[in-house]
Structure formats: structure tokens, C-alpha cells
There are 4 protein chains.
Amino acid sequence: MTGTARRGRPRSEDADARILGAAQELLFARGYDRFVMDEAAVRAGVAKTTLYRRWPTKDHLLVALVAKVQDEVPVADTGDVRADLTVYLTAIATGLNRMRAVGRTGDRDDRSAGMVAELVAAAARHPDVGDAVRGLFARRNTLVLALLDHARERGDLRAGTSSTVLFDQLAGALYYRLLVTGEPIDAAYVRDLVDHALTGAAATPHPERN
Amino acid sequence: MTGTARRGRPRSEDADARILGAAQELLFARGYDRFVMDEAAVRAGVAKTTLYRRWPTKDHLLVALVAKVQDEVPVADTGDVRADLTVYLTAIATGLNRMRAVGRTGDRDDRSAGMVAELVAAAARHPDVGDAVRGLFARRNTLVLALLDHARERGDLRAGTSSTVLFDQLAGALYYRLLVTGEPIDAAYVRDLVDHALTGAAATPHPERN
Amino acid sequence: MTGTARRGRPRSEDADARILGAAQELLFARGYDRFVMDEAAVRAGVAKTTLYRRWPTKDHLLVALVAKVQDEVPVADTGDVRADLTVYLTAIATGLNRMRAVGRTGDRDDRSAGMVAELVAAAARHPDVGDAVRGLFARRNTLVLALLDHARERGDLRAGTSSTVLFDQLAGALYYRLLVTGEPIDAAYVRDLVDHALTGAAATPHPERN
Amino acid sequence: MTGTARRGRPRSEDADARILGAAQELLFARGYDRFVMDEAAVRAGVAKTTLYRRWPTKDHLLVALVAKVQDEVPVADTGDVRADLTVYLTAIATGLNRMRAVGRTGDRDDRSAGMVAELVAAAARHPDVGDAVRGLFARRNTLVLALLDHARERGDLRAGTSSTVLFDQLAGALYYRLLVTGEPIDAAYVRDLVDHALTGAAATPHPERN
DNA sequence: GGTTAATCGAGACGGTACGTCTTGTCTTAGC
DNA sequence: GCTAAGACAAGACGTACCGTCTCGATTAACC
């Protein structure tokens, strides 16, 4: 009843570390599609078996890797929604922009969605990877969504507003630019974005056509 | 007098048609990764050479295919921005939802981004495919952006508003749900989305634009 | 204590056997140029990788195959050079004649060098295949050359004679007919050949060796 | 009765010349298997059609080419069989040795049968090419065979001797070395060879064991 | 001088094998 | 039961080369 008794040789934590290290290095050097499991194993000084015992798939490994490597994005709730959102989204944007360059060989390819696109595809291929990715994002954004809820409670956001929909608009715009249009995502854009989302596009005089 | 005199045997338009037909059929039956060039060639009654002469890569072919197949989404400018946007975005959403199912074998996997994710990854892998995809989206959205511009000129949208940013918020939210969070994209969501974007999230009393 | 400790999974001897079996069957059914690696792999129930891990090329495989399959030609040293040579060369001729027919589809083509020509070409294309072939022939003929040496020691062959040159004349004539002139190689021819080689063509009265 | 009246545009003799020139150059630069029809056409400034209208196959073209290029080997009938044969065979050997080097890239590969092996294989693949090659060799050797006949009539060769068999021994040995054993074929070898063939290998005392 | 017919350059095409690549599994021996 | 090493199955990919075909443009010979 004590839980599962472990038998035999325990998994080497050293191997874990070496694998993740080598994998990260390789991923950032080559990019997603030119990342090769065989080479990752060799670089880590590990047998492929050891690698596949931990992650059932290249996709699983890389998603796990990115999840681990991903920057912790702190959320400060200062009471100024606009400012807090801007800071948070700028941090996200920075992270995304870094992902654009991963594995690209020198020549300018600023518009590429790079690794994020591959991760998204990986998530689409394996249901469980999808779950993991979604969980990852959910956890990451929990605090911001809470922040938005607080703002609404304080009266800084309109009552009828949905935190989710609002955040979809903001994060969505960033990912849309990254994955689809390839347009730049800089600080100015983030500021504009928050502005639009908070203020609304409709002309104020007649706030609602029915 | 108009152009370059063609030399040699011209490319068979018949082959083009047969390839695209067979490829589409195969793509929708199998999905992106189980789409096989060899079989596409056989089904089209065409040599693989003929296929690779036109598209240097499976990715190129499939992106071109989707570009061609993609539904024409009509844009009606009725003067009612909210309604026009809702209609347009609903059409887009319908298309995206259809892409979720492509190639899925029976088992429920509603949250998968399916083919769109693969196309996005393809665009990320090959710079030229990326260009094509971006051009495609640019062309597709030209009319809506114009519609938004008109609305602003009419005074239905605030003067300081950017059509691009506004549209990013809207389309972005859809793609974000499709590719990242996996949440459903239905008519109600689209309505909500347009609502938020037009009205803004900030509490109206003190419209804190600086 | 003897040698290198083997690491990793050892090569499957079963695979070796199945490959060679299937390949032989396929080769003799189809002939050299209609022998297809893909099919050989399938017939052997083996991945193509497994096949190419052993032989880097179709040429390599087929030469190795023929080397293995090649009839052991026994050499009997009865003390009667003429008879021994005749027996040996007849056996060789029989083998060569069999090779003429390999893979030929019904229609009479008796003059074709068939597979031997292809093997010779393969040997010419890859230096290492050439080495293998030469080694093969060297080993094969060792005993006959020894036999000739013994005969010379016994006084049955002239002292100044070279076993190599003598054998070149004999074997050479067979291969010349097979590969170049296409003329038949039957028992009568072999007898004639041995006769000429042993007796010499020059008129006996004045043996004009200088 | 004048023969077939030619209609339409006559074949360009210029094209013939350019093709053969370019083909020869390419063949000697690349060797048989890396000779590519496409490139031959380009180099000759000719369409592939033009090329295939003249020779139905790469094999046909190259055999025809070699036939044309092949050195005329003069046969002098001085009345000294031994000397005449030696001269003739040395000339042949020189030609064969030249063929060894064709298309070989710098690195030493003296033992390769080079192009001759490929020609022999080509002859084995297409019956008509085989006929052509055989005819070529037959014509080439007619004079030597006649020379041998004369020698026999003069009493310089034994009465029972067959010119064909004798010549098979001589030429065969050369080709055997070239195609099979890879051993060198130099002047000394040719002299030895003629010597053995004329004198015979059997010890003279008991010229014939029965 | 117009008609006819074969040739030419150019390059697409069908066919098909090749050898490579990568993934994920399996089999050894050793710890 | 884990590990290193590496063979293995599976299967798609893109390339290569051959020989054929389809254009439009020439180039004679015949009428």
C-alpha cells in the first residue's frame, strides 16, 4: 500500500540532465525539423532507448523541453490593468520573437514562425501532446486571467466583459502575427493592441448599434 | 507581341488538374502527414517527376493546394460593421472548423488544430512557402480591411483606430483558439468576440485613453 | 580474451540468410538489370536498411551473391594434366553456359554473355567490387595453378612454362567466347583448347624458340 | 529502282558530327556509366530527339562511338608468324590498356576493366548491339586469322591446328586479364603469351599422352 | 511558289529504381 | 530493471536517368 515498489536499477538523473541539455542545444542550433533523435542521443552520451523510455516521441520530448525552458513570465497586479497587460504581453512577445530565430541559418528570415509553428503542429498530431501544450498555456495564463477578473470586480473593466475573450484577442493577435501574417511584434504594436482592446473600436457617440 | 515565346513542350494543364484533384482527395482522406507523394502521383496518373517539376516539396504542393481550394469568403459591405464582421468571421470560423476534422480517423479529437497547424509549420520550414501563405492571407483579407477603413471614414469606428490591429484581434482570437487553446469556435463566440472588439473592455465612464 | 567485445545488437544471421535466398531467387528469375532492391527486401521480409547496411550497392550485393552461390569447382590431380585440365575447364564452361541463360525471357539469345557481363561491368564500376571479384577468381584458381606447377615438377610440362600464362590461355579463351565473340563453348571446344595449349601451334620439326 | 526517295528535311550531317564529337569527349571524361544522354545532347547543342533518332539507346550510341573511334590495327604478314602475332597483339593490348583509364578520376585504378566491361555488358543487354560488337570484332580479326591460315599452309603451323582456337587463346588471355583478373598486360606478357601458344606447354619428349 | 513531310531545338512527360533518411522498436551484453 | 550500442522494420522522400512525346519552327524536295 506504500505505492509502487521500485525494482531494479533506478533511472539515472544524470541521463535526464544530459539529455535535456543536449536536446536544447541541438534544438536551438538546428530547429525543430532538423532536430534528429539519433544525434540528440549521441550528443547526450545516451542510448536512444534511454531517451525513448522517458519520452515516447520526438514531439513529446521537444514539447517537454520547451515547456521546461520556457521563460517564467511574472504577472504583477498593480491595479493598473492597461500597464499590467502591456508588461505581460510584451514579455510574451519577446519570448515569441526569440522563437522565430531558432535554428534559422544566418540568412534573414524574420517573418518565420519558426519553432512555435512546429510545436503547434506537434500538438495537433498527438492528442496527449495537445493536452500538455494546452495545460501549459492554461497554467501560464491563469494569473493574467485572474488579474482581469480582479480588474472587473474593481470596476476597471466593464461588467459584461469576458476575461477569456479579452485575453484571446490580445494573445491571439500576437500568435496570429507570428504564425500567419509574419508581421513584426514589437513594443509599439503591443501598446496599440492593448489600447484597442480596452477602448474598443466603435465610435463612442452611439456605443451600440443593435 | 505580348510576351515570351514559349519553347518546348508546354506543361500539361490536364496534368495540373489531375494532380490537384487527386491530391485534394488524398489530403482530405488521409490528412497532412499520411499524405504520400507517391500515391498522389499514382492517383493522378502522373509520373512523380511531373509532380516535383511543379512543386519542389510535399509542403509546397499541399500549401498550394489549400490555397487553391480555400473557400472564397465573400465580404459584404452593408454599412453595418458589426454585422458585416460577424458574417465574415463566422465564415472563416466555419472553414477553420472544417480543417480540424481533415484526415482524422473517426476517433473524436475536436480540439486538434489538424491541418492548419501543419500548413503553418510548412510555412515555417520553407521561406518561400511562408511568402506564399502570407501573400494568400494578405489577398484574402484586403476587402475586410477596406471595409473597416470605410467604416472609420463614415464615423462608425473611432478615428484613432487601426484596421490592421482590429482585425488582428478578431482573426487572431480564432486562430489562437484553433492552434493553441483548442477551445471551440462557434457562432456565439464570434458574436462575443466582435462585441468585445468594437465596444472595448474598459469601463466606459472614464475612457482612460491618454 | 581473443578479440573485440561486440557491442549492440548483433547482425541477424537469419536476415543474411533470408536476403541471400530471396536475392538469388530474384536474380535468377529476372536477370541482373531487372533485379530490384526494393523487391529483394520485400521478398526477404527485411527492411531496405538492413540490406544496404550489408551491401552499399546493388552491384555489391549481386557480386557477393554470385560469389557465394558460385559452384565449387573441384580439382582432381590425377597425374594426367590433360585430363585434369579438361575436366576442370569443362566444369567452368558448364557454369558459364548456365549464366548465359539467367533472366532471359524465353526468346533465344544464346550468344548473350548475360549475367557474367553485368558482373564484370559491376566490378569495373566499383574498385572494391573489382577487388572482391579478383580475389574470388584468385582463390578459385589456386588449386589448378598448383596442379600445373606439380605437372611441371614431374616433367609433364616444359620447364620454361608459366602456369599463369598457360591458364590465362585456357580460361581466357572461354571468357573471350562468352563475353566477346559469343561463340558456343561446348565439350568439343574445351578438348580442342586443351590440346592446342599443351601441344602448341608451331610446327614441331623446328621448335623455333630462341 | 533508285532506292527510297527522301522526303522532308534531310538529317543534318552537322548534327551527326557534333554529337559524335561531344559524346566522345563526354565518354572519355566521365566513363560509361556516368555518361548521360541529356548532357551529351546539351554539349552537342542538339535536342535529345535528334540523338535518339540516330541511335535508339545509350548503349547503341556508345558502342557505335567506340566502333568509330577504335584504332585501326594494321596486320603485317611478313612470313614470321611469331613476330607478326606479337606486333598485332601488342597493338591490341595497347588499345585495351587505354580503355582501362577512361573516365577514371585521377586516383589509381589500374586494374579496372573500365569501358570494355561496360561495352560487353551493353552487348549482353541488346541482341542487336551484341551483333554489332561481334561483327566489329570479326571484321577486325579477319586479317589475323587469314595470316594464321597462310602460316599453316606454308607449314609454319601444325596441320591440325585451328586458327580460331589459337586466336581465342591469344586474344582471350588479354581480355581475361583485362576483364577478370585485372593483371597487367604489357609487352613482356604478350611475348610470353605468343611463345606459349606457339610452342605448347607439354614437355616435348612424349608429345601426347593419350 | 505553295504543299508536303521529315527534321530540329526545347523541354515536359511517364516510368521506375535508387539510395537516403528518420522514426520508433528490439536485441544483445553488462551493471 | 536500467544502460550503451547498434541492428532492425517501416516507409516516405527526392533524385536520377532513360527513352518518348508534343510543341513551334525549319528546311528541303516535289508539284
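Convention: sequence-line order gives letters A, B, ...; per-chain numbering from 1. Any value given below was found using the heavy atoms of this structure, including those in side chains, with hydrogens, waters and symmetry copies removed. Every value quoted in this text rests on a predicted model; they were computed, and no experiment measured them.
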What is the distance, rounded to the nearest whole Å, between atom CZ of C/R43 and atom P of F/dA9? 18 Å
Nearest-nucleotide check on DNA chain F, D/V36 vs A/V46; residue mapping nearer the 5' end is A/V46
Rounded distance in Å - CG (A/L61) to C1' (E/dT23): 13 Å
In whole Å, what is the span from the CZ atom of C/R53 to the P atom of E/dT20? 12 Å
So, does B/T50 get its side chain near the phosphate of E/dG14, meaning an N or O under 4.0 Å from OP1 or OP2? yes
Is the phosphate of E/dG9, meaning OP1 or OP2, less than 4.0 Å from a side-chain N or O of D/R18? yes
Ionic contact status for C/R125 with C/D59, cut-off 4.0 Å: yes
Under a 4.5 Å cut-off applied to non-hydrogen side-chain atoms, are A/H60 and A/D128 in contact? yes
Rounded distance (Å) that lies between atom P of E/dT23 and atom CH2 of A/W55: 15 Å
For nucleotides 19-25 of chain F, give me one character per nucleotide, 5' to 3': B if any protein heavy atom sits under 4.0 Å from the base, S if the only such contacts are to the sugar-phosphate, - if neither. BBBB---
4.5 Å side-chain heavy-atom contact, B/K58 and B/Y32: yes
Atom-to-atom span, CD1 of A/I19 to P of F/dC2 - whole angstrom: 13 Å
Interatomic distance, CG@C/L27 vs CD@C/E118, rounded to 0.5 Å, equals 10.0 Å
Taking CD from D/E118 and P from F/dC17, how many angstroms apart are they, rounded to a whole number? 14 Å
Considering all heavy atoms, the nearest C/T50-C/V46 contact: CB-CG1, 3.5 Å
Presence of D/R11 side-chain N/O under 4.0 Å of E/dA6 phosphate oxygens OP1/OP2: no
F/dA10 P sits how many Å from B/R34 CZ, rounded? 18 Å
Regarding C/R54 and C/D16, does a basic nitrogen lie under 4.0 Å from an acidic carboxylate oxygen? yes
Specify the separation, in whole Å, of atom CZ of D/R54 and atom C1' of E/dA6. 12 Å
Min side-chain heavy-atom separation A/R53-A/T49 under 4.5 Å: yes
